[in-house]
Amino acid sequence: MSSSTSLIHHPYRPPEGFDAPQPGVFKASTVIFHSAAAMRERNWKSKSGYTYGLHGTPTTFTLEERLCELDGGSHCVLAPSGLAAIALVNMACLRPGDEILLPDNVYGPNLNFARHELANWGIAHQLYTPSATDDLSGRITEKTRLVWIEAAGSITLEFPDLIGITRLCRTKGILTALDHTWGAGVAYTPLRFDQGQGADISVQALTKYPSGGGDVLMGSVVTSDDGLHHRIKTTHMRLGLGIGANDAEAVLRGLPSLHLRYRQQDATARELAYWCLHSGAFSAVLHPAFNDASGRAHWHQACPSRLAAGLLSLALPARFDQSLTDRLCDSLKLFKLGYSWAGPTSLAVPYAVSELASGRNVPLGTQFLLRLSAGLEDAADLIADLSQALAACSRD
Ligand SMILES: *Cc1c(COP(=O)(O)O)cnc(C)c1O
């Protein structure tokens, strides 16, 4: 046997019984079958066997099962990014002629997918006010197939009437898909926040809190309903969506510290929010614990834990035009300028109010919001950084 063959067909097998706290990384495009009959009969859908790399490995099955636990569901599929998970849900659930509803503070790329891809396929969308179930109710037609929910909403961070929206959709037989990247399965359980019930589909950017390292892109779709899962899983398979085993392992490594990191980033964000509020330097501080009473009530109702993500948005006073906002951003030293939050590094992103679909909680005259996301640095150091950047923007 030549070396090139014996390197591949080497007889050594490691002994059984190696056990370690973290699961191993199994990488495979192909899976070896021990007989033609096994090849014919193996079923990957029940996770009782392996057939092909794209259909799952011990590493991805393990991650899927842990995410089911996190989201309160029974089935999970993994997508190469949070946005791919959103697109997958749309493709699996919608047909030409259907309509969907999106909250007006929805994650921007979700709206872009509706505006462009869904519109091309003859699927219409409307925006609804997430704090008002009667607004949503008035927009539902016989063509409405899916309602997207985000809790809290992107950038402006209003907490919607999660329980009201999902109850309304359940009575009307309309599917709900909840993007709970903000909650991460920690602040509330997306499929069970209402006395054991919740959204039909939960989507999360694992990119953010579950990975926690700022170095992975991945998304999950979790459901409890077998039929719904089957639809999503077959679309996922036909599209050939897969994720790398090293990335799956990175998320598995992040999960044990998820709750700890989430609580710490929440606490740091609130310290920042209190300081910002008392500094008098901002027109408003947007955060579910500081928002108007109705948003706070919805947050309390769905999150008895009263936990919140490490995000806050600051409404800059009217004198902050483009150049002064740039100066504020460029003066920050510990806060880095970047979008994908929940890693160890605190981040800042300026948003022009004129480009937001929803300015409900933004005071009149505000031209820019500064969204901050708390990393794992010491809160006092972050406050000092913000304070020196504000000083660099003072009038004199
Ligand atoms: C970041 C984010 C996503 C998308 O995640 P990616 O993995 O970056 O595609 C989706 N929804 C929300 C609310 C997000 O914050």
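Atoms within each ligand, like the ligands themselves, are counted from 1 in listed order. The figures here come from the full heavy-atom set of this structure, side chains too, leaving out hydrogens, waters and symmetry mates.
Checked by distance only, ligand 1 and Ser340 stay at 3.5 Å or farther apart across all their nitrogen or oxygen atoms.
Within the 4.0 Å heavy-atom criterion, neither part of Trp182 lies near ligand 1. Heavy atoms of Leu83 found under 4.0 angstrom from ligand 1 belong to the backbone as well as the side chain.
Between Thr57 and Thr62, every side-chain heavy-atom pair lies at or beyond the 4.5 Å cut-off. Here the side chains of Val203 and Val222 are not in contact, with every heavy-atom distance at 4.5 Å or above.
At the shortest separation from atom 2 (C) of ligand 1 among protein heavy atoms lies Lys208 NZ, 2.5 Å. The single protein non-hydrogen atom nearest to atom 8 (O) of ligand 1 is Leu217 CD2, 3.9 Å, given as residue, atom name and distance. Nearest protein heavy-atom contact of atom 4 (C) of ligand 1 is Tyr107 OH, 3.4 Å. Among all protein heavy atoms, the one lying closest to atom 5 (O) of ligand 1 is Ala205 CB, 3.2 Å.
Taken to the nearest 0.5 Å, the CG atom of Asn110 stands 4.5 Å off from the CD1 atom of Ile86.
Less than 6.0 angstrom separates the ring centroid of Trp182 from the ring centroid of Phe159. Centroid-to-centroid, the aromatic rings of Tyr50 and Phe26 stay 6.0 Å apart or farther. Ring centers of Tyr209 and Tyr262: under 6.0 Å apart, within the cut-off.
The option from Gly82, Ala342, Ala84 that lies nearest to atom 6 (P) of ligand 1, judged by heavy atoms, is Gly82.
Atoms of ligand 1 found under 4.0 Å from any heavy atom of Thr207 (numbered from 1 in listed order, with element): 6 (P), 7 (O). In summary, the atoms of ligand 1 found under 4.0 Å from a heavy atom of Glu150, numbered by their order in the structure, are 13 (C). For ligand 1, the atoms sitting less than 4.0 Å from at least one non-hydrogen atom of Asp179 are 10 (C), 11 (N), 12 (C), 13 (C), numbered in the order shown with element in parentheses.
There is a side-chain donor-acceptor pair under 3.5 Å between Asp71 and His180.
At least one heavy atom of Trp341 lies less than 4.0 angstrom from ligand 1.
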Determine whether Lys47 and Glu64 satisfy the following criterion, salt bridge (charged side-chain N to carboxylate O under 4.0 Å, His left out), listing intermediate values before the conclusion. CA-CA 10 Å; Lys47 297 201 171 111; Glu64 287 166 6; 3.0 Å; yes
